[in-house]
Enquirer: 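Right, I'll just put the structure down here and ask away after.
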Protein chains: 2
Amino acid sequence: MAKTHYSRFDCQPGCSVEAAVSLISGKWKCVVLWYLLEEGTLRFNELRRRINTITPRMLTHQLRELEADGLIHREVHAQVPPKVEYSLTARGRELTPILMALKAWGDAHIDLFGSKGTAGKPFTTASGEQK
Amino acid sequence: MAKTHYSRFDCQPGCSVEAAVSLISGKWKCVVLWYLLEEGTLRFNELRRRINTITPRMLTHQLRELEADGLIHREVHAQVPPKVEYSLTARGRELTPILMALKAWGDAHIDLFGSKGTAGKPFTTASGEQK
DNA sequence: CTGTATCCTGATGGATACTG
DNA sequence: CAGTATCCATCAGGATACAG
């Protein structure tokens with residue numbers, strides 16, 4: 001059951017914080033979570049096209065970890081051609097305040113990162129997302 | 001100034017989120033931030049004793065990264081023996097809501113991590129911390 | 001007291017090509 | 001369409017010893 005790849009937490013103050021951080025600290029995880037939060041359900045190649053610089057290997061890998069950590073749901077439709085849909089679990093959706101807080105902080109201090117405007121998308125609180 | 005070790009953010013949705021995450025995703029960073037948030041100012045060995053399984057090399061490393069990212073302040077007192085004090089910057093203190101949100105989520109879903117109770121310290125909102 | 005210097009291992013992330 | 005298979009570079013993190 002979802003043993004996290006991140007090996008150990010020493011259960012000091014900040015333990016559960018580190019545990020939570022470790023679940024979203026993969027290279028593409030935030031982006032994936034963000035898209036799923038915004039768009040609800042996406043197929044493998046839909047995600048791939050949206051991220052576009054990600055390799056299939058990495059996308060698979062990140063998706064599998066997110067799934068193992070109980071943050072996303074993977075639904076395979078038995079048909080030809082294959083159809084696999086990804087969506088957030090309830091647990092994953094509960095990350096929303098964290099992602100928002102992170103984005104708020106990141107946007108406020110974006111100067112630290114060498115002027116990379118984030119440009120568009122202020123995150124529309126995902127249309128009909130609050131199940 | 002403060003070029004982050006994490007090489008690149010593709011500035012897609014989730015970009016600033018990833019940027020923010022990368023600043024706190026070091027192995028001991030959350031713990032360090034947490035202690036500084038709780039206790040205000042700590043010396044090198046005070047942090048070391050509190051974390052206790054951390055090696056001096058790692059502590060130095062994490063502290064330097066946090067400093068480079070503008071989250072903590074390092075104050076050297078020119079005296080013998082040396083005295084170096086670490087504290088949060090305003091920017092670092094602004095991480096509080098994030099850390100709290102992460103802890104809340106982590107505590108709520110702690111079962112995912114293989115039953116590690118977090119035990120004590122529910123984080124007392126740091127005694128006199130709100131400068 | 002507050003660190004550095006070396007050396008080392010495993011995990012992370014990526015390029016490229018191939019498959020049911 | 002939705003992935004696997006290989007191979008490879010880099011880096012985060014740690015053990016141990018030493019230093020100003």
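Throughout, protein chains are lettered first and strands after them, A, B, ... in sequence-line order, and every chain is numbered starting at 1.
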Enquirer: Between dT12(C) and W28(A), is there an OP1 or OP2 to side-chain N/O distance shorter than 4.0 Å?
Expert: no

Enquirer: E46(A): which residues meet the side chain to side chain donor-acceptor pair (under 3.5 Å) condition with it, sequence neighbours left out?
Expert: none

Enquirer: For R50(B), check salt bridge (Lys or Arg N to Asp or Glu O under 4.0 Å) against everything at least two apart and list the hits.
Expert: E39(B)

Enquirer: With a 4.0 Å limit, can you tell me whether K83(A) has a side-chain N or O closer than that to the phosphate oxygens OP1/OP2 of dA2(D)?
Expert: no

Enquirer: Where the side chain of R43(B) is defined as all heavy atoms beyond and including C-beta, which of dG14(D), dC1(D), dC1(C) is the nearest nucleotide?
Expert: dC1(C)

Enquirer: I51(A) CD1 to dG14(C) C1': how many Å, rounded?
Expert: 15 Å

Enquirer: When you measure from the side-chain N and O atoms of Q79(A) to the phosphate of dC1(D), is any distance below 4.0 Å, counting only OP1 and OP2?
Expert: no

Enquirer: Can you measure L42(A) atom CG to dC1(D) atom C1' for me and round it to whole angstrom units?
Expert: 15 Å

Enquirer: With nearest nucleotides of DNA chain C determined for P82(A) and I54(A) from heavy-atom distances, which residue corresponds to the more 5′ nucleotide?
Expert: I54(A)

Enquirer: What nucleotide among dA15(D), dC1(D), dT2(C) has an atom nearest to a side-chain atom of T55(B)?
Expert: dA15(D)

Enquirer: Have a look at the helix from dC1(C)-dG20(D) to dG20(C)-dC1(D) and give the angle its two end axes make, five pairs each, rounded to 10 degrees.
Expert: 60°

Enquirer: Take nucleotides 3-9 of chain C nucleotide by nucleotide from the 5' end and write B, S or -, depending on whether a protein heavy atom sits under 4.0 Å from the base, only from the sugar-phosphate, or from neither.
Expert: BBBB---

Enquirer: Tell me: CG of L59(B) to P of dT16(D), nearest whole Å?
Expert: 18 Å

Enquirer: Should T41(A) and L88(A) count as side-chain neighbours, where that means a heavy-atom distance under 4.5 Å?
Expert: no

Enquirer: How far does CG of L99(A) sit from CD1 of I24(A), to the nearest 0.5 angstrom?
Expert: 6.0 Å

Enquirer: Rounded to whole angstrom units, what separation is found between the CG atom of L47(A) and the P atom of dC1(D)?
Expert: 14 Å

Enquirer: How long is the line joining CD1 of I24(A) and P of dT12(C), in whole Å?
Expert: 15 Å

Enquirer: Kindly say if Q62(B) contacts the phosphate of dA12(D), meaning a side-chain N or O under 4.0 Å from OP1 or OP2.
Expert: no

Enquirer: What's the CZ-C1' distance between R50(B) and dT2(C), to the nearest Å?
Expert: 16 Å

Enquirer: Separation of H61(A) atom NE2 from dA11(C) atom P, in whole Å?
Expert: 11 Å

Enquirer: Closer than 3.5 angstrom, by distance alone: can the side chain of T89(B) be matched with the main-chain N or O of L71(B) as a donor-acceptor pair?
Expert: yes

Enquirer: For E94(B), what residues pass the side-chain contact (heavy atoms from CB on, under 4.5 Å) criterion, not counting sequence neighbours?
Expert: W105(A), H109(A), A90(B)

Enquirer: Which atom pairs, donor and acceptor, lie under 3.5 Å between side-chain atoms of residues 54-61 of chain A and protein residues at least two apart or in another chain?
Expert:
residue, atom, partner, partner atom, Å
T55(A), OG1, M58(A), N, 3.3
T60(A), OG1, P56(A), O, 2.9
H61(A), NE2, E65(A), OE2, 3.3

Enquirer: What residues, two or more places apart in sequence or in another chain, satisfy side chain to side chain donor-acceptor pair (under 3.5 Å) together with R74(B)?
Expert: Y86(B)

Enquirer: Rounded to whole Å, please give me the gap between CE in M58(B) and P in dA15(D).
Expert: 10 Å

Enquirer: Take H73(B) and E75(B), measure what side-chain hydrogen bond (donor to acceptor under 3.5 Å, both in side chains) needs, and give me the verdict at the end.
Expert: CA-CA 6 Å; H73(B) 172 66; E75(B) 180 136 17; 3.3 Å; yes

Enquirer: Would L42(A) and V32(A) count as a side-chain contact (heavy atoms from CB on, under 4.5 Å) here? Give the steps.
Expert: CA-CA 10 Å; L42(A) 289 170; V32(A) 170; over 6 Å; no

